[in-house]
Amino acid sequence: MSDKMEGASMTGSARPGGAAEVFEQAAPNYDRTGVSFFGPFGAELVRRAAIRPGERVLDVGCGRGAVLFPAAHATGPTGHVTGIDLAPAMVALTAEDVTRAGLTHVDVRVDDAQQPDFPPRSFDAVLAGLVVFLLPQPQQALRAYARLLRSSGRLVISTFGAQDPAFVAATDALAAHLPTDQARPARPAGPFADEQAITATMDGAGLTVTSIVAHRIESRFDDVDHWVRWMWSHGGRALLQHLPADRLPAATADAAQALDAARDAGGGLSLTTEIRITVAVPADRTGDLPPPSHV
Ligand SMILES: C[S@@+](CC[C@H](N)C(=O)[O-])C[C@H]1O[C@@H](n2cnc3c(N)ncnc32)[C@H](O)[C@@H]1O
């Protein structure tokens, strides 16, 4: 693992303060705060990828395994799943979970999702759950994934769709307390903003989209403190860690007010999140595919 760590290039996401550093700190609690979010999204991505027993799968930006473990179940021991992530703590903790689960057909290593280090045509499926929008050059990364696919291969990615208005209001309330020189969190935009943009981005990477499907889940939080703990446990910490300590109580109070709109009958909070799951195949291997289905 250490050789790969040293070999990993310093992309924008690997640099200090970049996405991978945020996730390095988040790793111990990532997807471990009792909130249904990454797990069901990862399971749905794998379902859409229609992985068959015996297939070879790459999971880029594997995190704590929300995609990796369902994929390993789908390939079975006659197949193989490799997970890569740029955050060494994510890799170390997920590797421990893999060993504990006795999955000998799974390996996890530090590698850069911007340019994964594998020979061409190594995989039947490349999967990327909630990661491509974090990369400094997403279209180049997608092009690299296309090269890794075998002739029957497919790329399956998930990206964020509509966010719950109460979540947007709460993060805006937090961001209002950031120092003026600190960049505000970006809303989904650019290459994955909507179905048209995703299709164009894939096209430019030499991939043909065969389907884009929206999938929504509801996540429940006991109270605002639980929501804040969850925010610290994933990419949300990129926002929280830049709040000056003396602003935190006021920022949290403002977020709590915004989250009032999400109160449910049990006194907790319920937030709905939508992702889009896109399936694409290398354009040079498309043949006579049916037109893409967008749901
Ligand atoms: C939002 S998490 C998604 C993790 C997992 N796929 C899931 O669905 O739960 C994004 C993951 O991408 C990783 N990541 C960010 N930039 C990366 C890069 N350049 N190369 C590899 N992994 C990266 C982070 O460390 C983090 O584990």
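These figures come from a predicted structure and were not determined experimentally. Indexing begins at 1, ligand by ligand and atom by atom, following the structure's order.
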message = Please determine whether any non-hydrogen atom of Leu130 lies less than 4.0 Å from an atom of ligand 1.
response =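 Right, Leu130 reaches ligand 1.
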inquiry  = I need the Arg237 CZ to Trp230 CH2 distance, nearest 0.5 Å.
reply    =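 The CZ atom of Arg237 sits 14.0 Å away from the CH2 atom of Trp230.
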Element-labelled atoms of ligand 1 that are located less than 4.0 Å from some non-hydrogen atom of [X]:
X: Gly63; result: 4 (C), 27 (O)
X: Ala87; result: 25 (O)
X: Leu134; result: 10 (C)

ask   = Would you find more than 12 non-hydrogen atoms of other residues, nucleotides or ligands less than 6.0 Å from Gln257 atom CD?
value =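 It does not: Gln257 CD has 12 such atoms or fewer within range.
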inquiry  = Do Val110 and Val98 sit in one hydrophobic cluster, given that two such residues count as connected whenever their side-chain heavy atoms are within less than 4.5 Å of each other, even indirectly?
reply    =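 Val110 clusters together with Val98.
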Answer with side chain, backbone, both or neither: which part of [X] has a heavy atom less than 4.0 angstrom from an atom of ligand 1?
X: Val60; result: neither
X: Tyr30; result: side chain
X: Asp112; result: both
X: Leu86; result: both

key: Which atom of Leu148 lies closest to which atom of Pro116, heavy atoms considered   =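 The answer is CD1-CB, 4.0 Å.
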key: Best match, Ala20, Gly61, Ala66: closest heavy atom to atom 5 (C) of ligand 1   =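 It is Gly61 that holds the nearest heavy atom.
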